[in-house]
Amino acid sequence: MVNPWGEFKRDVCRALEAALSKLGWQPPRPLEETLAEPPDPKLGDLASTICFDLAKSLHKSPTWLMAELSKALEPAGLIARVEVVGNYLNFFVDVQKLTELTLRAVEEADEEYGHLKVSRGKAVIEHTSVNPTKPLHIGHGRNAVIGDTMARILRALGYEVEVQNYIDDMGRQVAETLLANQLIKRKPRAKFDHVLGLIYADMHRRVRQEAELEARVREILAELERGKGRWVTMAKRLTQRCVKANLETTDRLGVSYDLLVWESDIARSGMLDETLERLKAINRVVEGTGDRAGTLILRLADFGIEDKVLVRSDGTAVYTARDIAYQLWKFGQTKSGLRFKLHSKRPDGTKTYTTAQRGKSVAKFGRAGKVINVVGAEQRFPQQVVSTALRALGLERESQNSYHLAYEHVWLPSGRFSGRKGTWVGFSVDDVVEEAVARAHTVVKEHAPKATERFWRKAAEFVGVGAVRYSLLSTSPEKKIVFKWEEALNFDRNSGPAIQYSHARACSILRKAKRRGGKHPIDVFKLPEERRLVKLLSKFPEVVREAGEKLQPYLPALYAAELALGFNKFYEVAPVIEAETPQLCAARLRLVNCVRITLRNALDLMGIAAPERM
RNA sequence: GGGCCCGUAGUCUAGCCUGGAUAGGACACAAGCCUGCGGAGCUUGCGGCUCGGGUUCAAAUCCCGACGGGCCCGCCA
C-alpha cells in the first residue's frame with residue numbers, strides 16, 4: 001500500500017545516510033528523529049537538524065558541518081533539492097512526483113487509501129463496559145467513541161479486531177436495581193435503561209438511610225455470587241433487557257461490538273480459580289495477616305507495585321482479580337473457556353455474539369496478540385496491577401501488549417456525573433443525540449429548503465450523530481471534557497458536520513462536471529492552495545499509522561478538519577469546472593476526487609457518515 | 001504522607017513522547033468579499049505557552065521547585 005509522504009521521509013533519510021557514510025560520519029541517533037517540518041513551506045518540506053547533533057559528537061562547528069554535508073548530499077527519489085538555511089538542512093519535495101504519486105495512490109486504493117495493512121495480528125479492544133443498570137451518559141459515550149474509533153483504525157492497519165463489551169451483571173448496582181425494581185411500583189415511563197437509572201438513584205438514597213434495605217441488598221448480592229435462586233433469574237432478565245436498550249443507543253452512534261462478555265459467565269467458567277492457583281503456585285498470592293486476615297493478597301513489591309487484596313475474607317473476589325483472569329483469557333492464556341452464542345446484529349451488519357451458559361465453545365474469540373482496554377484514567381493502578389501480574393506469570397509478551405487506553409471523564413459544568421445521584425438525567429447519550437439531531441433538522445432544512453421531509457430526517461440524523469461523535473473524539477483522551485451543549489451541537493468549522501459538508505461539496509463538484517478524466521501535464525498545479533492539498537493528501541496514511549501505533553484515535557479527527565479547511569481554501573481560489581484550460585480542469589477534478597476519497601476514508605475511521613448531499 | 005494526569009489568548013484546542021526557525025487551528029469580537037463549481041464558505045485584524053529556577057548553542061517541549069485543577073494509593077464500587 002502506497003504511503004506517499006512516508007516515502008518522501010524515507011528518501012530523505014536514505015539521502016542523509018548515504019551522505020554521512022560518504023563522509024565517514026556516524027549518525028548520532030536515528031535519522032528520522034532529526035526531521036521536522038519547517039514553520040513556513042517556503043523554507044522547505046522537511047528539515048533536518050542533524051548538524052546540531054553532529055556538532056556535539058564530532059566537535060566541529062555546525063556551519064562547517066552543514067557545508068560539508070550539503071556538498072555530499074545527492075537528491076534522489078522524491079527529493080527535488082536541498083538547501084542550507086542557517087543551520088538547517090531543508091529538503092524540498094519534488095512537487096510533480098509527489099502529486100502524481102499521491103493522486104495515483106488515492107485513486108487506485110480508493111476506499112483502502114490510508115489502510116496500510118502493516119499488521120496481521122489480532123487485537124482485542126474492550127470498551128463501553130457500562131453497568132447494565134442504567135442508560136449511557138455522555139461520558140460513557142466518550143469511552144464508546146474512543147474505543148470504536150480505535151477499532152476502526154486498527155482494522156485499517158490490518159489487524160483482525162475483536163471488540164468486547166464487558167457486562168458486570170453481578171455488582172452491587174445490579175442488586176440495588178433489582179430491589180428498586182421490586183419495591184418501586186410506580187415507575188417512570190421511559191426507555192428501559194432510563195427507567196432503571198431513575199429507580200436506582202431513588203433506591204440508592206433509601207438504602208443509605210435504611211439499614212433493613214441495606215441488609216436485603218447484601219442478601220441479593222450473596223445470591224448473585226452463589227449463582228442460584230430467583231434473584232439470579234431476575235438479574236439475568238433485567239440486565240438482558242438493559243443491555244438491549246443500551247445497544248439501541250450505541251447502534252445509533254454507529255458503535256459495534258463483536259462480543260458481549262458477562263461477568264456471571266466468567267464467574268462460572270472457573271478461570272478465576274485457575275488464575276489464583278497459578279499465582280499461588282509462584283508464591284505471588286499469599287494469605288493476609290493482621291487486619292487482612294482471611295484474605296488473599298497479590299504481592300508484586302519487587303515490580304514496584306503495592307500489595308493488592310484479590311480475595312476478600314468472605315471468599316469473594318475483588319474486581320482486579322477478575323480483571324487479571326479476563327485479561328489472561330483475552331490472550332488465550334487460560335485453560336478454562338467460555339461458551340458463546342449469537343446475540344444480535346448491528347445495523348452495520350456486525351454479528352454480535354454473547355457469552356452464554358448454553359452456548360457453544362468456539363475457538364474464534366480471544367487469543368489476541370494485543371489487548372487494549374478503554375478504561376477511565378482513574379483506573380491506572382488496577383490496570384497496572386493486571387499487566388504486571390501477567391509479567392509475574394512469565395507472560396512478558398502479553399504484559400507488554402496490554403494497553404490501557406486511559407481517558408479522563410466528561411464533566412458537567414456543575415461537577416462529575418453521578419449515577420447514584422442521577423445527575424446524568426438530561427445528559428444521556430440518548431438525550432444528547434436527540435437534541436443534536438433536532439438541532440440538525442432545523443439547520444438542514446434552512447440549507448435545503450426544497451428537499452423532502454424524508455431527506456431532512458436522514459440528513460439530520462447523520463449530521464447530529466456526526467457532531468456528537470466528533471466532539472467526543474477530537475479532544476485528546478487525557479484531557480477532561482466539560483460538557484457544553486454549544487460544543488456537542490457545534491456545526492461550525494471545527495466539527496464533524498463541517499467535514500461532512502466539505503465532502504458533500506466535493507461530491508457536488510464531481511456530479512456537476514460533465515466529464516472526468518482527460519490528460520493533463522504533470523506540472524499543472526501552480527497555486528499554493530493546490531500544492532498544500534496534495535501534500536495533505538499524501539500525509540493521510542502516516543496519520544493513520546501514527547494513530548494506531550500511539551493509540552491516539554483523535555489524530556484522524558484533527559487531520560480531517562485540516563483537510564476540510566484546506567479544501568475550502570482551494571475551493572475559494574481555484575475554479576474546477578470553469579478552470580482556464582481543459583487540462584487544468586481535468587487535473588483539478590482529479591484533485592477534488594482525491595479529496596473526496598480521503599475525507600470519506602477519514603470520516604469512516606471516525607464512524608461518521610460521509611454524505612454526498614446534505 | 002507517596003504517586004499519576006492536566007494547566008497554551010475572553011473561551012476551547014494542536015504542538016510536549018523525539019528540544020530547533022515566526023507556537024498551528026477553532027469559537028467570540030471587529031472589518032471586508034456579496035452568492036461563485038453548495039456562504040455550514042473565504043480574506044484581514046485582535047489576542048496566548050500558570051509562575052520561579054536549572055540544563056542547553058537553542059525550552060511550550062527535558063529536569064527541579066512552587067501554584068491551580070483532577071485522580072489513585074479500599075476486603076468501596
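To find a chain, count down the sequence lines: A is the first, B the second, and so on, and within it residues start at 1. Note that these values count all heavy atoms, side chains included, but never hydrogens, waters or copies made by symmetry.
Out of B/A14, B/C12, B/G69, the shortest distance to the side chain of A/Lys484 is found at B/C12. Nearest to the side chain of A/Arg511, among B/C72, B/A14, B/G38, sits B/G38. Side-chain proximity of A/Glu487 to the nucleotides B/C12, B/A21, B/C75 is greatest for B/C12. Considering only side-chain atoms of A/Glu408, the nucleotide from B/A21, B/C37, B/C5 that sits closest is B/C5. Distances from the side chain of A/Glu33 to the nucleotides B/C42, B/A21, B/U18 place B/U18 closest. Distances were taken from every side-chain heavy atom of A/Arg292 (C-beta onward) to each of B/G41, B/G74, B/C37; the shortest belongs to B/G74. For A/Glu478, the side-chain atoms get nearest to B/C6 when compared with the rest of B/C6, B/C75, B/G69. Closest contact between the side chain of A/Arg505 and the listed nucleotides B/A21, B/G38, B/A58 involves B/G38.
Looking at A/Lys550, its side chain comes within 3.5 Å of the base of B/U18 through a donor and an acceptor atom. Residue-to-nucleotide contacts include no donor-acceptor pair under 3.5 Å from the side chain of A/Ser508 to the base of B/C37. For A/Asn87 against B/A58, no side-chain N or O and base N or O form a donor-acceptor pair under 3.5 Å.
Applying the 4.0 Å criterion to OP1 and OP2 of B/G41, one finds that A/Ser502 has every side-chain N and O outside that range. Proximity of A/Arg29 to the phosphate of B/G19: a side-chain N or O atom is located under 4.0 Å from OP1 or OP2. Taking 4.0 angstrom as the limit, A/Lys512 places a side-chain polar atom (N or O) nearer than this to OP1 or OP2 of B/G38. Remark: A/Arg380 is not in phosphate contact with B/G3, judged by side-chain N or O atoms under 4.0 Å from OP1 or OP2. Contact check, A/Lys479 against B/A14: a side-chain N or O comes under 4.0 Å of OP1 or OP2. Taking 4.0 angstrom as the limit, A/Tyr88 places none of its side-chain polar atoms (N or O) nearer than this to OP1 or OP2 of B/A58.
Evaluated for a side chain to side chain contact (heavy atoms under 4.5 Å, CB included) with A/Thr34, the options A/Leu54, A/Val12, A/Leu89, A/Asp53 yield exactly one hit, A/Asp53.
With respect to the salt-bridge test (charged N to carboxylate O, under 4.0 angstrom), the residues A/Glu214 and A/Arg216 do not qualify. Look at A/Glu542 and A/Lys9 and you find a salt bridge, because one of the NZ, NE, NH1 or NH2 atoms lies within 4.0 Å of a carboxylate O, short of that distance. Under the 4.0 Å criterion applied to side-chain N and carboxylate O atoms, A/Glu529 and A/Lys535 are not assigned as salt-bridge partners. Ionic pairing of A/Asp273 and A/Lys280 is not present here: no N-O contact between side-chain nitrogen and carboxylate oxygen is shorter than 4.0 angstrom. Salt-bridge annotation for A/Glu37 and A/Lys539: present, with a side-chain N of the basic residue lying under 4.0 Å from a carboxylate O of the acidic one. Under a 4.0 Å N-O distance rule, the pair A/Arg172/A/Glu176 qualifies as a salt bridge. The pair A/Lys60-A/Glu68 does not meet the salt-bridge criterion, since no charged nitrogen lies less than 4.0 angstrom from a carboxylate oxygen.
Residue contacts shown for A/Val576 include a base, since a base heavy atom lies under 4.0 Å away. A/Ala467 comes within 4.0 angstrom of nothing in the nucleic acid, heavy atoms only. No engagement by A/Phe567 is indicated, since no non-hydrogen atom pair under 4.0 Å with the nucleic acid exists. Nucleic acid contact for A/Thr316: none, since no nucleic acid atom lies under 4.0 Å from a heavy atom of the residue. Residue A/Ala561 is out of contact with every strand shown, counting any heavy-atom pair closer than 4.0 Å. When heavy atoms are screened at a 4.0 angstrom cut-off, A/Arg588 is found touching no nucleic acid atom at all. Within the 4.0 angstrom heavy-atom criterion, no nucleotide atom of any strand lies near A/Asp53. Counting non-hydrogen atoms under 4.0 angstrom, A/Ala47 reaches a base of the nucleic acid. Looking at heavy-atom distances under 4.0 Å, A/Asp314 makes no contact with the nucleic acid at all.
To the nearest angstrom, C1' of B/C42 lies 12 Å from OH of A/Tyr501. When rounded to the nearest whole Å, the span between NZ of A/Lys56 and P of B/U55 equals 14 Å. In this structure, NZ of A/Lys308 is placed 7 Å from P of B/C73, rounded to the nearest angstrom. Distance, A/Glu306 CD to B/G2 C1': 8 Å, rounded to whole Å. The nearest whole Å value for the distance from the CD1 atom in A/Ile481 to the C1' atom in B/U11 is 15 Å. Rounded to an integer number of Å, the gap from A/Leu298 CG to B/G74 P is 13 Å. With rounding to whole Å, A/Arg613 atom CZ is found 14 Å from B/C37 atom C1'. B/G20 atom P lies 14 Å from atom CG of A/Leu46, rounded to whole Å.
Under the 3.5 Å distance criterion, with hydrogens and angles disregarded, a donor-acceptor pair is assigned to the side chains of A/Glu126 and A/Ser129.
The C1' atoms of B/A14 and B/C73 are separated by 33 Å, rounded to the nearest whole Å. Atom P of B/A59 sits at a distance of 14 Å from the matching atom of B/G53, rounded to the whole Å. With both ends at atom C1', the span from B/U22 to B/C37 equals 35 Å, rounded to whole Å. B/A26 sits 13 Å from B/A9 when the C1' atoms are compared, rounded to a whole Å. Taking the C1' atom of each, B/U43 and B/C4 are spaced 45 Å apart, rounded to whole Å. The P atoms of B/G7 and B/C17 are separated by 13 Å, rounded to the nearest whole Å. Here the separation of B/G70 from B/G24, taken at their P atoms, is 32 Å to the nearest Å. A gap of 7 Å separates the P atoms of B/G41 and B/C27, to the nearest Å.
The two residues A/Tyr200 and A/Gln173 have their closest heavy-atom pair at OH-CG, 3.6 Å. Across all their heavy atoms, A/Ser313 and A/Ala293 have their closest contact at CB-O, 3.8 Å.
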Practice item. For each nucleotide in nucleotides 24-30 of chain B, reading 5' to 3', give B when a protein heavy atom comes within less than 4.0 Å of its base, S when such contact involves only the sugar-phosphate, and - otherwise. Key: -SSS---
Check your understanding: Reading RNA chain B 5' to 3', how would its secondary structure be written in dot-bracket notation, given Watson-Crick and G-U pairs with both distances under 3.5 Å, brackets [ ] for crossing pairs and | for partners on other strands?
Key -> (((((((..((((......[...)))).(((((.......)))))....(((((..]....))))))))))))....
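Applying the 6.0 Å contact sphere to CZ of A/Arg457 captures no more than 12 heavy atoms from other residues, nucleotides or ligands. Residue A/Arg29 places its CZ atom among more than 12 non-hydrogen atoms of other residues, nucleotides or ligands, all under 6.0 Å distant. Residue-environment remark: CD (A/Glu378) exceeds the threshold of 12 foreign heavy atoms within 6.0 Å.
Mapping A/Arg416 and A/Thr295 onto RNA chain B via the closest heavy atom, the residue that lands nearer the 5' end is A/Arg416. Checking A/Val463 against A/Phe381, the closest nucleotide of RNA chain B that is more toward the 5' end is the one next to A/Val463.
Between A/Tyr319 and B/A77, a base-stacking contact is recorded: ring centres under 5.5 Å apart, planes less than 30° from parallel.
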